[in-house]
K.L.:
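Sharing a structure, written as structure tokens. Questions coming.
Quick caveat: nothing in here was measured; it's all calculated off a predicted structure. Below, chains carry the letters A, B, ... as their sequence lines are ordered, and counting in each starts from 1.
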Amino acid sequence: MRETVVASPMLFRVASFDTPVVNLTVDGRSIQARRGESVLAAMLSHGGHVRRHEHGGAPRASFCLMGACQDCWVWIGAGERARACTTPVADGMEVSTSPTVHGG
Amino acid sequence: MSAIDVDVAIVGGGLIGCMTAFALCKRGRSVVVLERGRVGGESSGVSFGSLRLQGQHAVELPLALRAHEIWETIEEELGESIQFARHGHVHLALNDEHRARLESNARHGRAHGMDITLLDREMTLRRWPFLSDKVVAASWSTRDAVVNPRLVAPAFARAARRLGATIHEGIEVARVEQGGGRFIVHGRMRDGSEPVISSAALVNAAGAWSDTLAAQFGETIPLFAAGPAELVTEPIPPFAAPVMHVVDGSILFRQTDRGNVIIAGHPRMKVDAETRRARVPPDKILINLARLVAIVPRMRAHAVIRSWTGIEGYVEDMMPVLGPSSTTPGLYHACAFSGHGLQMGPAAAVAIAELIADGATTMPIAPFDIRRFYATGQQRTLSLAEEFQADVLPPRDGLVR
Amino acid sequence: MARVVVIGAGPAGIAAAEVLSRASVEVAVIDEAPRAGGQYHRAPAPGLALDMRRLLGTGYAAYETFHNDAASVCSRVDYRPGTLAWGVHGGAVHLASRGAAKALGYDALVLATGATDRIMPVPGWTLPGVFTLGGAQALLKDQGCLIGRRVVVCGSSPLLYLAAVQYLRAGGEIAAVIDTTRFADKLRALPDMLAAPRVLRDGLHHMAALKRRGVRIIHGATIDAFEGEERVGAVVCTPPNRMPLRIACDAVAYGHGLRPETQLAELAGCALRFDAAQRTHVPETDLDGRAGQGVYVAGDGGTIGGGQAAAVSGRLAAAAALSDLGATTNDVDLEAGRRMLQRLRRFQRGLATAFRWPGERAGQLDDAVILCRCENVTMGEVRAAIALEDGAAEVNRIKAATRCGMGRCQGRFCGPGLAEVAAISAQHPGSERDRLRVQAPIKPLPIALAEDVVP
């Protein structure tokens with residue numbers, strides 16, 4: 001699997017959540033977030049992009065942050081399609097940035 | 001604009017009109033194509049893109065095979081890619097009745113020299129493990145191909161233009177008169193100008209609107225407008241090369257070279273040729289997606305991103321109207337392809353071009369004569385009427401209100 | 001009882017629902033977001049300790065009033081948050097919510113779908129760290145995060161200054177504000193902008209506040225590129241009559257004003273027209289928002305007008321719907337509402353001059369620039385397709401040939417730039433633009449949604 005979460009986080013948190021910690025994984029790597037955070041905020045608080053583009057593999061970190069550009073779709077669990085910017089994190093969530101089911 | 005004199009005026013700049021223009025130019029005829037909107041702007045670009053041989057109706061297969069020969073070398077002739085790819089075509093059976101149809105199609109196809117392999121359930125699932133066990137058998141025809149339908153009509157139009165054809169966009173045919181052995185076509189442009197085209201021959205390639213033109217010459221084409229329901233997914237890693245097609249037409253899909261999966265499912269939908277607006281009803285989208293996941297469960301992990309349809313001309317027997325007019329020398333019909341125009345188009349175009357240039361054609365088009373609609377006591381091919389029932393009934397009404 | 005369905009729970013949708021909820025009609029409010037507010041009044045996620053009073057400053061009163069009203073309205077109507085309206089067909093809206101598809105019939109449909117940022121492509125605009133201006137604000141208000149530590153805010157929009165001020169208030173650093181409109185154009189727009197003196201005053205306050213904090217503001221610059229490898233690291237711009245500047249940053253908030261979300265109006269059968277002042281297509285409506293076919297359009301989803309105009313137009317649209325359904329309402333002062341709307345629209349015309357859409361940039365961009373970020377289609381591919389059509393290609397033809405606009409976002413972000421390239425090539429840059437057609441689903445629809453549908 002291609003490396004998808006780089007070390008330097010994108011986002012700068014200026015207000016904190018007073019909600020319980022939730023544990024999730026992004027492409028198998030464990031990260032922590034707070035209930036109420038979006039999958040996108042959690043991913044970009046731990047890394048520099050959300051996915052690699054299908055055509056060319058360039059990194060993408062979403063663009064509109066409001067459910068319009070559709071550039072932050074990921075897979076949750078066994079293959080539920082979800083848009084990271086409008087999906088809240090949940091404890092035990094497994095996020096994949098490439099399809100978990102492969103060809104033929 | 002003064003009168004333009006040409007050998008042939010073609011009404012309709014869809015793929016049939018553009019292919020016919022190309023075929024005529026190759027035979028040295030001067031041609032003008034009159035297109036109301038944009039070349040390929042109506043139904044030409046919206047089809048599923050399958051150049052299917054397998055399961056083509058017996059009456060159509062000879063012409064379809066001739067068309068296929070042309071398709072196989074067309075990109076060289078056009079000088080550009082239309083994304084032709086010979087990926088093969090797989091018919092899927094979901095029950096015993098379907099299986100019997102596969103067997104009968106295979107017998108028939110093989111008789112015409114086609115390479116068709118029948119696979120039982122185990123062989124099918126081993127070969128294409130993404131299929132669910134709802135699939136009980138498959139037949140695989142290797143010569144069938146796909147193209148990108150959106151590219152076809154513009155590419156033929158460009159090729160025809162290079163050979164000297166005039167392609168007029170944005171011109172409506174107001175009326176056609178006859179005089180001095182010629183057709184006098186009165187056009188109307190959006191800017192109000194009214195060009196006049198004088199031609200020795202006239203080709204009716206007006207798609208879903210071809211009945212109107214035929215009526216000007218006292219001919220009836222019992223045409224109705226319908227459209228395919230097409231869906232496309234986001235790009236997905238490659239998994240399915242051939243076209244996959246449940247034999248009753250209830251669902252078919254193929255993956256493009258960019259990974260998007262195109263999904264269609266009959267019946268086709270009634271659409272409004274008057275308003276020229278056609279959309280896939282949301283219920284139809286959901287039904288077709290449900291059918292798709294039933295046979296390809298892995299598709300549940302992906303999203304559909306768009307739907308589209310177009311306005312195609314159908315007749316009840318699902319066969320084209322192709323050949324000379326029954327009333328008017330010099331007039332030729334190439335219309336009512338009933339959803340099969342893309343595959344058969346190149347051969348139909350050559351047939352019309354040969355009729356105009358040579359007075360006769362080598363293409364097997366006899367069954368498609370317009371007079372079949374008036375002949376009394378004509379043998380109606382009932383199986384086609386039944387296929388129509390399955391293919392073009394409107395979808396059922398709302399799921400939840 | 002007649003059913004009125006409102007799409008959107010921002011200022012327009014809630015104002016419409018408020019009027020409707022007091023009449024004898026059944027009201028449903030469909031909103032894709034989990035909480036009312038839209039983008040304009042976006043509220044923090046539950047549990048986020050964000051001081052909205054401090055962040056919004058003078059804007060807080062309107063925010064608080066909105067949310068009090070919204071809570072009350074939503075409790076009185078069939079309120080469905082977290083629900084995507086993905087299609088309209090045959091008098092029903094098609095919805096997706098929590099993995100299930102539903103259809104909801106309507107007698108009147110009020111579309112309060114809002115707007116998204118309008119983008120002119122720039123070299124490097126797809127790099128991680130480049131976000132829309134509206135997105136940068138939404139992330140802060142909703143999630144308590146800034147898009148980076150050192151941010152360049154750029155484009156042409158009154159929101160440049162508001163977003164920069166909010167980022168400073170929240171503790172961020174603004175490397176520069178780059179406004180692509182010349183200051184002279186802002187002065188030219190003053191007469192129209194005086195139609196809303198309070199909004200104008202707030203805007204000037206924001207500019208002054210940024211200057212006090214030492215933030216560099218550059219007017220009339222061309223944005224040349226967003227630079228970086230795996231993440232944006234600098235903005236290169238050229239101020240008028242000067243050498244190019246390279247401004248280091250770790251994030252960029254970028255936008256050229258707003259573009260109405262007209263997809264559902266189009267699917268519902270409403271006519272769209274090209275609005276020369278806004279340089280975009282909008283649904284054809286009367287002043288009250290009647291768009292025909294039982295559809296009413298309110299807020300920025302019709303005419304970009306900001307939150308205040310959205311609320312007024314929401315009330316007018318609701319009153320129009322009720323009146324057309326034969327259910328009268330006496331508590332909307334139509335004449336006052338229309339006057340106010342016209343005044344606010346005049347102000348918005350001023351804004352369109354003061355923060356102009358740089359359509360001509362589409363003609364100057366290098367062939368290698370990505371125009372369609374979904375399908376990775378470059379300017380060069382689009383120009384080649386146009387050249388094949390003798391330079392007069394219509395946008396849907398270019399889309400067919402290149403896939404530009406065919407991706408997941410259905411042309412929301414490439415559409416405005418594509419329209420300009422096509423217009424420039426056809427040598428009618430001043431006239432009406434073509435428009436990409438949309439189809440259902442207007443946003444990606446997970447196929448799993450159909451699993452429970454009986455085929």
Side-chain angles (χ1 to χ4, degrees), chain A residues 1-5 24-29 38-40 43 49-90 92-104, chain B residues 81 83 85 87-88 90 92 119 121-133 135 138 140 148 231-244 253-263 285-286 289-290 292-307:
Chain A
M1 187 172 293
R2 238 187 315 223
E3 173 272 339
T4 47
V5 180
L24 60 154
T25 63
V26 177
D27 291 335
R29 175 188 173 216
S38 67
V39 170
L40 184 90
M43 290 176 81
H49 58 264
V50 172
R51 67 184 197 108
R52 295 267 170 191
H53 196 271
E54 296 87 350
H55 305 302
R60 290 286 174 89
S62 99
F63 182 54
C64 78
L65 302 166
M66 57 171 76
C69 76
Q70 319 301 336
D71 209 353
C72 68
W73 282 80
V74 294
W75 284 264
I76 306 284
E80 300 302 320
R81 211 63 174 109
R83 194 171 53 206
C85 72
T86 51
T87 303
V89 295
M93 188 180 255
E94 294 171 354
V95 179
S96 310
T97 65
S98 52
T100 46
V101 190
H102 288 280
Chain B
S81 168
Q83 295 169 16
H87 287 319
V90 176
L92 302 172
L119 294 90
R121 171 184 277 171
E122 196 197 328
M123 288 156 69
T124 303
L125 298 187
R126 202 181 316 132
R127 170 140 209 129
W128 298 293
F130 54 85
L131 293 171
S132 81
D133 62 4
V135 177
W140 184 23
N148 183 341
L231 307 173
V232 66
T233 68
E234 57 191 342
I236 295 170
F239 72 99
V243 172
M244 296 267 163
F253 65 95
R254 69 182 181 94
Q255 190 167 26
T256 69
D257 56 354
R258 288 178 61 93
N260 307 78
V261 176
I262 299 172
I263 305 151
I285 294 176
L286 293 171
L289 292 178
L292 177 72
V293 273
I295 58 165
V296 193
R298 70 198 325 266
M299 290 301 295
R300 72 178 304 285
H302 301 283
V304 65
I305 61 173
R306 200 156 32 85
S307 63

K.L.:
Would you say B/Glu234 and A/Arg81 make side-chain contact, with heavy atoms under 4.5 Å?
P.N.:
yes

K.L.:
Taking it one step at a time, do A/Trp73 and B/His302 satisfy side chain to side chain contact (heavy atoms under 4.5 Å, CB included)?
P.N.:
CA-CA 10 Å; A/Trp73 282 80; B/His302 301 283; over 6 Å; no

K.L.:
Looking at A/Gly79 and B/Arg300, what are the two nearest heavy atoms and their distance?
P.N.:
O-NH1, 3.9 Å

